[in-house]
A.B. asks: 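Please find one structure pasted underneath; my questions will follow.
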There are 2 protein chains.
Amino acid sequence: MPTRARRTQRRNQVLSRERILDTAIGLLDSGGEGALTVRAMTDRLATGSGAIYYHVGNRDELLDAATESVITAALSTRSAGARATPEDEIRAVALALFDAIAEHHWLATRLTLQIIRNPVGPVTVGIFERLGRQVGALGVPRPRWFDAASTLVHYILGAISQNARVEGDTSGIDPDADREEFFDQTSRAWRDLDAESYPFMHAIVGQIREHDDREQFLTGIAVVLDGLARLR
Amino acid sequence: MPTRARRTQRRNQVLSRERILDTAIGLLDSGGEGALTVRAMTDRLATGSGAIYYHVGNRDELLDAATESVITAALSTRSAGARATPEDEIRAVALALFDAIAEHHWLATRLTLQIIRNPVGPVTVGIFERLGRQVGALGVPRPRWFDAASTLVHYILGAISQNARVEGDTSGIDPDADREEFFDQTSRAWRDLDAESYPFMHAIVGQIREHDDREQFLTGIAVVLDGLARLR
DNA sequence: ACCTGAACACCGTTCAAGT
DNA sequence: ACCTGAACACCGTTCAAGT
């Protein structure tokens, strides 16, 4: 009875890489990078620290694996159908990443880090391949495909990193109220700046309160796409 | 003799905020964020840990102050003369930030963090004001100035963050050789990817070795400027 | 093979005490 | 006012020992 034997043999394996990754992501979501401690992990998983190291190597690899897990899931949204324009496909990927970071603020720092340090991994390659395929259809000549894809990736990463709220802001019950107050405070502070030294800040002080992050992101994408279409 | 009295009184103040900031930046430059420990600071400054806390509050504030110091210096390069185009001025600011991050890799993470957390501070305001002033001359209508400046900032921050090499790479004697080898490894790894699943990566595998980070950055800026000029 | 948990080296931060 | 340095709580990581 090999089935029964195997079952018995594995009865004590309560831990799995997946379970570890899930609790790590849970910890990160609730309290940012600072909340991901080995001791918090052992508490939630009811094990010793050695058990975790048996499965994941170290904290940094755990963070990378969590990043990979979230990003891979975000990118796995089905590609738009064949009829969709390249612009639609780019927007779909960009918004998927935008939403992933909105849900997991710790991703902002970690995503940038991983693309820098591991250009060969599925995160970097996945994002580049998915976006890059479209630039040809956009009218970009072949020898400039790398420049074009890089520009797109750089803009998207910069924008979504900037839209992630500060880590550890577990406080607010109503996140939207926090957001309103945050922008109110910011625009008040900008208004208090010296008008002669900061004419531009004064000119836009009303716009920060009215703007919508997501719409502004799409405007930025449109600007870049427009520029790319004219890249010769 | 008030002068003499003051001098005597201060003879024991060997520490100053400026000296602390300088050694912190030195530590960060040589070994990344991980190298900035209070103990390393007390060693270099030959003091106790309390002395540092007397001047700077805590480690996070020290990191923010170091960021502010470097960015303020980078932005203080004189504005281009009155004859310069808005495009020239934007390029000058963008390259100043690019160079600052090239020299201080730890800035990538910290700059993004500070802009998110402290939109009222001199770093955020300095960058926005300096870049934002130009968008009007670029042809962007007033109600869209905030969108335009944000797009510019997001692209620049994304691009320079992505160009910062990994922290703690103090190893190489010749940084250019490291760079070459890094791109060689990357392009080899990309070539090894499945050609059917990753047609785009295969298409650009030669371009990564030939490209120049700085030129690619300027191309990206040109793309965004081009798009902004058509923003209505 | 998988897990336990004590032990280690190293953190950031505080604070009574000195000058 | 400015600085010292021991003490504290808390890290990530290792490893002999168990099953």
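Below, chain A is the first sequence line, B the second, and so on; all start at residue 1. None of the values given here were measured: they were computed from a predicted structure.
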A.B. asks: Please classify the nucleic acid contact of B:T42 as base, sugar-phosphate, or nothing, using heavy-atom distances under 4.0 Å.
C.D. replies: nothing
A.B. asks: Quickly work out the B:I52 CD1 to C:dT14 C1' distance and round it to whole Å.
C.D. replies: 14 Å
A.B. asks: Looking at A:E33 and A:R59, does any basic side-chain N land under 4.0 Å from a carboxylate oxygen?
C.D. replies: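 Yes, A:E33 and A:R59 are salt-bridged.
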A.B. asks: Going by heavy atoms in the side chains, are A:I156 and A:F98 under 4.5 Å from each other?
C.D. replies: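 Contact flag for A:I156/A:F98 side chains = no.
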A.B. asks: How would you label the contact of A:A40 with the nucleic acid (heavy atoms, under 4.0 Å): base, sugar-phosphate, or nothing?
C.D. replies: nothing
A.B. asks: With a 4.5 Å heavy-atom cut-off, do A:W190 and A:F200 have their side chains touching?
C.D. replies: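 They are not in contact (no side-chain heavy atoms under 4.5 Å apart), so the answer is no.
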A.B. asks: Can you confirm if the aromatic rings of B:F183 and B:H211 lie within a centre distance of less than 6.0 Å?
C.D. replies: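 Between B:H211 and B:F183, the centre distance is under 6.0 Å.
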A.B. asks: Answer yes or no: does a side-chain N or O of A:Y54 lie under 4.0 Å from OP1 or OP2 of C:dC3?
C.D. replies: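 For A:Y54, the contact criterion (side-chain N or O under 4.0 Å from OP1 or OP2 of C:dC3) is not met.
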A.B. asks: For C:dG5, give its Watson-Crick or G-U wobble partner with both distances under 3.5 Å, or none.
C.D. replies: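 The base-pairing partner of C:dG5, which may sit in any strand shown, is D:dC15.
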A.B. asks: Rounded to the nearest angstrom, tell me the gap between atom CZ in A:R59 and atom C1' in D:dC11.
C.D. replies: 9 Å
A.B. asks: Under 4.0 Å, counting only non-hydrogen atoms across every strand here, what does A:L45 touch: a base, just sugar-phosphate, or nothing?
C.D. replies: nothing
A.B. asks: Considering only heavy atoms and no angle criterion, is a donor-acceptor pair shorter than 3.5 Å present between the side chain of A:S49 and the base of C:dT4?
C.D. replies: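 No such pair is found, so the answer is no.
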A.B. asks: Could you pick out which residue, A:R39 or A:H55, lies toward the 5' side of DNA chain C when each is mapped onto its nearest nucleotide?
C.D. replies: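 It is A:H55, whose closest nucleotide lies nearer the 5' terminus.
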